[in-house]
There are 2 protein chains.
Amino acid sequence: MSFTESEENYIKSIYHLQQQGEVVSTNDLASELQTKPASVTDMLKKLKAKKLLNYERYKGFSLSDEGTRVALGIVRKHRLWEYFLVHELEFGWDEVHEIAEELEHISSPQLVEKLDNYLSHPKFDPHGDPIPDINGRMELRKQVNLIDLQLNCEAEVSAVGSQSTELLELLKHKNIGIGTVLAVLKKFTFDNSLEIKVRDFPPFSISQQLAQTLFLKPLYGATTVGSISK
Amino acid sequence: MSFTESEENYIKSIYHLQQQGEVVSTNDLASELQTKPASVTDMLKKLKAKKLLNYERYKGFSLSDEGTRVALGIVRKHRLWEYFLVHELEFGWDEVHEIAEELEHISSPQLVEKLDNYLSHPKFDPHGDPIPDINGRMELRKQVNLIDLQLNCEAEVSAVGSQSTELLELLKHKNIGIGTVLAVLKKFTFDNSLEIKVRDFPPFSISQQLAQTLFLKPLYGATTVGSISK
DNA sequence: ATTAATCTTTAGATTTGTCTAAATTTTATT
DNA sequence: AATAAAATTTAGACAAATCTAAAGATTAAT
């Protein structure tokens with residue numbers, strides 16, 4: 001079975017929102033896709049009819065197994081093309097997302113496999129996201145300690161190393177929590193403090209002790225700190 | 001200005017039909033695009049409104065300079081991708097057309113230039129068709145004797161060197177005629193015979209004497225091609 | 001537990017590209 | 001030149017994907 005570009009975009013967005021943890025809502029999906037909730041509802045019905053989605057009106061929705069399989073196929077194509085654009089064509093890693101959004105809809109399965117082979121089966125794309133194999137399997141993204149995070153690489157806080165009230169108080173004061181997206185701008189060797197930038201806030205600095213408690217994972221579609229997309 | 005995939009397909013088809021010499025008609029275009037004449041008329045009006053086409057109802061049409069420029073851009077992308085698919089991804093030259101039909105609609109101009117650079121500015125695609133440069137200029141294609149045809153380069157029989165019944169009998173037996181598309185798979189130096197492959201038939205071999213009577217031109221836009229700059 | 005606020009869906013319209021069937025224009029034939 | 005044939009265009013309809021506006025369902029708040 002084949003799908004329209006629009007259907008594929010919905011499937012991919014649902015997949016990504018599901019990965020981010022929360023239950024996906026019609027409104028979430030509408031804003032992710034830059035469209036209106038009414039349009040989303042229409043498409044949900046189509047995807048349900050094609051058995052890609054578990055959906056009941058007013059009750060929410062999630063990808064079916066088949067929908068997930070399709071989503072992983074699109075993600076595979078997107079990330080392989082990003083890898084090609086950066087490592088072969090010498091694009092910057094911040095320039096390739098939009099182009100890959102087009103390339104991911106090219107349908108030939110043979111093309112994907114030949115490309116994968118040509119690139120020697122890369123496991124991660126230029127943003128650090130894992131590339132699913134032909135069966136949809138991919139390596140888990142490992143959490144990285146903030147201390148070890150690459151400069152200017154956006155990542156999302158996924159765990160904290162302690163639950164102490166003192167730590168939580170400090171995190172709250174600095175507007176950092178699970179899901180916060182940030183990047184390291186500078187590392188100071190004098191005291192191992194870091195200058196970081198949290199989305200929608202001006203840069204500020206944090207201590208080595210604090211940094212050590214924060215674990216992060218790279219973001220899908222991460223960009224330079226200057227131009228926050230997604 | 002940008003164009004829909006459908007608009008681009010119309011522009012490209014008009015370009016190709018114009019290259020084949022005759023004046024292009026609504027019916028020709030409809031059958032080329034596997035659609036109906038009424039649909040063609042609708043699109044012609046759209047393309048005229050976008051100044052890509054000189055068109056007056058019932059009087060015929062032709063690409064404007066701007067339309068030609070756009071067509072050459074699409075042809076450039078198509079042929080560069082075909083080159084990539086065959087020479088980098090190791091597709092057979094007979095497998096790449098449909099895939100390139102999709103890839104030619106990817107919009108990024110930067111991608112085209114990086115790809116061209118990556119491939120070291122090839123002048124001809126795997127079928128022997130010339131690849132327009134960024135200004136729409138490309139090398140003229142001349143008729144080539146079958147003896148001189150490059151290996152694995154598809155070409156269309158455009159002339160035979162004799163009208164003898166003996167020759168025509170042989171050509172008929174081998175299913176070769178004007179317009180036949182074939183490629184040379186192998187050349188044998190022992191007797192200068194050639195192993196060739198005619199579309200839709202298994203490969204077979206022909207003698208030096210026969211090969212010498214056959215003149216071919218690479219597929220698609222036949223003879224002329226100027227440059228439309230600016 | 002009502003009411004208010006929010007979220008989701010329906011109803012009906014719009015745009016793009018297509019179609020069929022009928023009308024119009026051009027061209028070819030007698 | 002008149003008429004038949006062919007090519008082209010118009011008129012009206014449809015499917016896909018979207019929109020706005022309004023109605024329906026759920027959730028939150030008093």
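Lettering follows sequence order; numbering is per chain, from 1.
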Q: Using atom CZ of A:Phe3 as one end and atom P of D:dA16 as the other, report the distance to the nearest whole Å.
A: 15 Å

Q. Given atom CG of A:Leu29 and atom P of C:dT9, what is their separation to the nearest angstrom?
A. 11 Å

Q: Check whether the side chains of B:Glu98 and A:Ser108 place a donor and an acceptor atom closer than 3.5 Å, and report yes or no.
A: no

Q. Please give, in whole Å, the distance from C:dT6 P to A:Tyr58 OH?
A. 17 Å

(Q) Quick one, A:Ile131 and A:Glu139 - any side-chain contact, counting heavy atoms below 4.5 Å? (A) no

(Q) For A:Lys59 and A:Glu5, find the nucleotide of DNA chain D closest to each by heavy atoms; which residue's nucleotide sits nearer the 5' end? (A) A:Glu5

Q: Starting at atom CD of B:Glu32, determine the distance to atom P of D:dA7, rounded to an integer number of angstrom.
A: 17 Å

Q. Whole Å only: how far is the CG atom of A:Asn9 from the P atom of D:dT18?
A. 9 Å

Q. Are side-chain heavy atoms of A:Asn54 and A:Phe61 found at a separation under 4.5 Å?
A. no

(Q) With heavy-atom distances below 4.5 Å as the criterion, would you say the side chains of B:Met138 and B:Leu72 are in contact? (A) yes

Q) Just checking B:Tyr10: base, sugar-phosphate only, or nothing, at a heavy-atom cut-off of under 4.0 Å? A) sugar-phosphate

Q. Crowded around A:Asn135 CG? As in, over 12 foreign heavy atoms under 6.0 Å?
A. yes

**Q.** Any side-chain heavy-atom pair of A:Arg79 and A:Pro130 under 4.5 Å
**A.** yes

**Q.** N/O (side chain, B:Ser39) to phosphate O (OP1/OP2, C:dC19) under 4.0 Å
**A.** yes

(Q) If you compare every side-chain N and O of A:Tyr55 against the phosphate oxygens of C:dT8 (OP1, OP2), does one of them come in below 4.0 Å? (A) no

Q | Distance flag, aromatic centroids of A:Phe84 and B:Phe84, threshold under 6.0 Å | A | yes

**Q.** Ion pair check, A:Lys12 and A:Glu5, cut-off under 4.0 Å
**A.** no

Q. Given D:dT26, D:dC19, D:dT8, which nucleotide is nearest the side-chain atoms of B:Asn27?
A. D:dT8

Q) Are OP1 or OP2 of C:dG17 and a side-chain N or O of B:Thr35 less than 4.0 angstrom apart? A) no

Q: Nearest whole angstrom, please: distance from the P of C:dT6 to the NZ of A:Lys36.
A: 18 Å

Q) With respect to the side chain of A:Ala38, which nucleotide from C:dT8, C:dC19, C:dA11 is positioned closest? A) C:dA11

(Q) Near DNA chain C, counting only heavy atoms under 4.0 Å, which residues of residues 43-52 of chain A show up? (A) A:Lys45

Q) Rounded to the Å, how far apart are A:Glu7 CD and D:dA17 C1'? A) 10 Å

Q. Rounded to whole angstrom units, what separation is found between the CG atom of A:Asp28 and the C1' atom of C:dC7?
A. 11 Å

Q. In terms of heavy-atom contacts, does CD of B:Glu90 have more than 12 from other residues, nucleotides or ligands at under 6.0 Å?
A. no

Q. Can you find a side-chain donor-acceptor pair between A:His173 and A:Glu169 that sits under 3.5 Å?
A. no

(Q) Closest-nucleotide mapping onto DNA chain D: is A:Arg57 or A:Ser6 further toward the 5' terminus? I mean the 5' end. (A) A:Ser6

Q.
Let me check the geometry of the helix from C:dA1-D:dT30 to C:dT30-D:dA1. What is the bend angle between the axes at its two ends, five pairs each, to 10°?
A. 10°

Q.
By the 4.0 Å heavy-atom rule, please label B:Thr26 as base, sugar-phosphate, or nothing.
A. sugar-phosphate

